[in-house]
There are 2 protein chains.
Amino acid sequence: MDDTRWLTDAERDVWRTFITMVGAFGDHLDKQLQRDSAMPYTYYEILVVLSHAPGRALRMSELAGLRGASRSRLSHAVSRLEEAGWVERRECPTDKRGSIAVLTDEGFAALAAAAPGHVTTVREALFDRLTPEQVAVLGQISVAVLDGLDPDKCLPGNRELG
Amino acid sequence: MDDTRWLTDAERDVWRTFITMVGAFGDHLDKQLQRDSAMPYTYYEILVVLSHAPGRALRMSELAGLRGASRSRLSHAVSRLEEAGWVERRECPTDKRGSIAVLTDEGFAALAAAAPGHVTTVREALFDRLTPEQVAVLGQISVAVLDGLDPDKCLPGNRELG
DNA sequence: ATCGGGTAGTTGAACACTCAACAGCGACGA
DNA sequence: TCGTCGCTGTTGAGTGTTCAACTACCCGAT
């Protein structure tokens with residue numbers, strides 16, 4: 001009664017290499033940002049998204065949607081970023097339920113200071129190690145997998161600051 | 001004074017798609033295992049590695065090395081797995097500093113029960129969505145990136161149970 | 001023998017994320 | 001007007017990870 005479609009040996013090799021790479025790569029990214037800029041990668045991404053928004057401000061739920069994060073997670077994160085002086089909360093004028101996260105000048109400066117090291121890490125650990133063809137295929141793979149995970153969003157490109 | 005090699009537009013698109021995919025895919029994996037088998041993915045992997053070891057037992061540091069985890073993380077994790085009755089700690093006969101993690105029969109049963117759902121999730125979310133060529137390139141990419149992250153290990157294949 | 005440096009593993013605090021519950025507000029219909 | 005329902009955002013508890021000590025032990029050198 002086992003109708004599970006197990007992985008072939010070749011698939012298993014790819015799978016284990018892939019999942020190990022993803023873990024090690026994520027650790028590498030996080031450690032660099034934590035060491036050089038005292039922020040975890042997820043917080044960096046929040047600052048990036050805010051920095052691209054008009055007025056460097058976004059409703060909490062929009063911010064959560066753009067980053068694929070839960071409202072709870074974002075609320076906790078913004079509280080931390082507020083303590084650091086990088087983000088402020090404002091009331092939403094059109095909807096009293098809402099609250100708006102605004103990137104402060106300090107937050108933008110912290111982001112600008114963190115970006116070169118982060119982008120360099122990404123380049124050295126990823127793009128410099130791949131051929132242009134591999135990069136192209138990686139993009140196709142990512143889109144294909146993402147499409148399968150749900151009726152998805154957050155693909156529209158965010159410009160600048162990697 | 002900016003000698004940072006920034007990403008091109010095309011690279012940035014690939015990067016954002018890739019990092020979003022990795023996050024969403026990891027969440028997907030974790031949620032499935034947590035929901036169906038009450039364990040996080042990292043614990044599943046510990047059980048997998050133990051199940052392949054001779055006698056289903058490994059020194060803590062070997063286990064940590066094989067899974068790319070810190071000793072601290074592994075120690076906490078094994079404590080949890082011990083509470084669940086899935087792993088036991090034994091003293092190491094040849095080195096009194098050491099301790100040995102042993103997979104219990106219950107732990108093996110839990111792993112066997114969790115494996116089909118997990119493998120099915122991996123297949124549906126990843127392999128079923130890619131062409132054989134893309135899978136092959138994904139393997140190459142993973143090896144290339146992993147090679148760059150440090151004088152690496154943990155590539156030797158682990159057989160069975162995905 | 002024992003001293004010193006390195007290794008193995010554990011611990012507790014701090015941090016990040018999840019989950020479930022909650023309060024507050026908007027929108028729509030009776 | 002008044003409910004009701006759904007949405008927004010926050011909160012606190014529980015879980016997992018990291019970091020920095022710390023203990024206990026092995027090993028090699030003097």
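Reckoned from all heavy atoms, side chains included, excluding hydrogens, waters and symmetry mates. Quick note on labels: first sequence line is chain A, next is B, and so on, each numbered from 1.
For B:Ser79, no side-chain nitrogen or oxygen approaches OP1 or OP2 of C:dT10 to under 4.0 Å. For C:dA16, the OP1/OP2 oxygens have no side-chain nitrogen or oxygen of A:Thr42 closer than 4.0 Å. Using a 4.0 Å cut-off, some side-chain N or O of B:Arg89 falls inside it from OP1 or OP2 of C:dT10. Within the structure, a side-chain polar atom (N or O) of B:Arg59 is placed less than 4.0 Å from OP1 or OP2 of C:dG9. Between A:Ser75 and D:dT11, a side-chain N or O to OP1/OP2 separation shorter than 4.0 Å is absent. Considering only side-chain N and O atoms, A:Tyr43 lies under 4.0 angstrom from the phosphate OP1 or OP2 of C:dA16. Between B:Ser70 and D:dT18, a side-chain N or O to OP1/OP2 separation shorter than 4.0 Å is present. For B:Arg80 and D:dT15, the shortest distance from a side-chain N or O to OP1 or OP2 is below 4.0 Å.
Between the side chain of A:Ser72 and the base of D:dT11, a donor-acceptor pair under 3.5 Å is found. For B:His76 against C:dG9, no side-chain N or O and base N or O form a donor-acceptor pair under 3.5 Å.
Remark: A:Arg80 fails to qualify as a cation-pi partner of A:Tyr43 under the 6.0 Å distance and 45° angle criteria applied to the six-membered ring.
Under a 4.0 Å N-O distance rule, the pair A:Glu45/B:Arg16 qualifies as a salt bridge.
By the 4.5 Å heavy-atom criterion applied to side chains, A:Leu81 and A:Leu47 are counted as neighbours. Residues B:Val78 and B:Met60 form a side-chain contact, since some pair of their non-hydrogen atoms from C-beta on lies under 4.5 Å apart.
Each of B:Gly98 and A:Asp95 lies near DNA chain C, and the nucleotide nearest B:Gly98 is the one positioned closer to the 5' end.
Checking C:dG6, D:dT10, C:dG9 against every side-chain atom of B:Arg97, the shortest atom distance belongs to C:dG6. Of the candidates D:dG9, C:dG26, C:dG9, the closest approach to any side-chain atom of B:Met60 belongs to C:dG9.
Look at CG on A:Leu74: it is 12 Å from C1' on C:dC17, rounded to the nearest Å. The distance from atom CD of B:Glu62 to atom C1' of C:dA8 is 12 Å, rounded to the nearest whole Å.
Taken from CD1 in A:Ile46 to CG in A:Leu66, the straight-line distance is 11.5 Å, to the nearest 0.5 Å.
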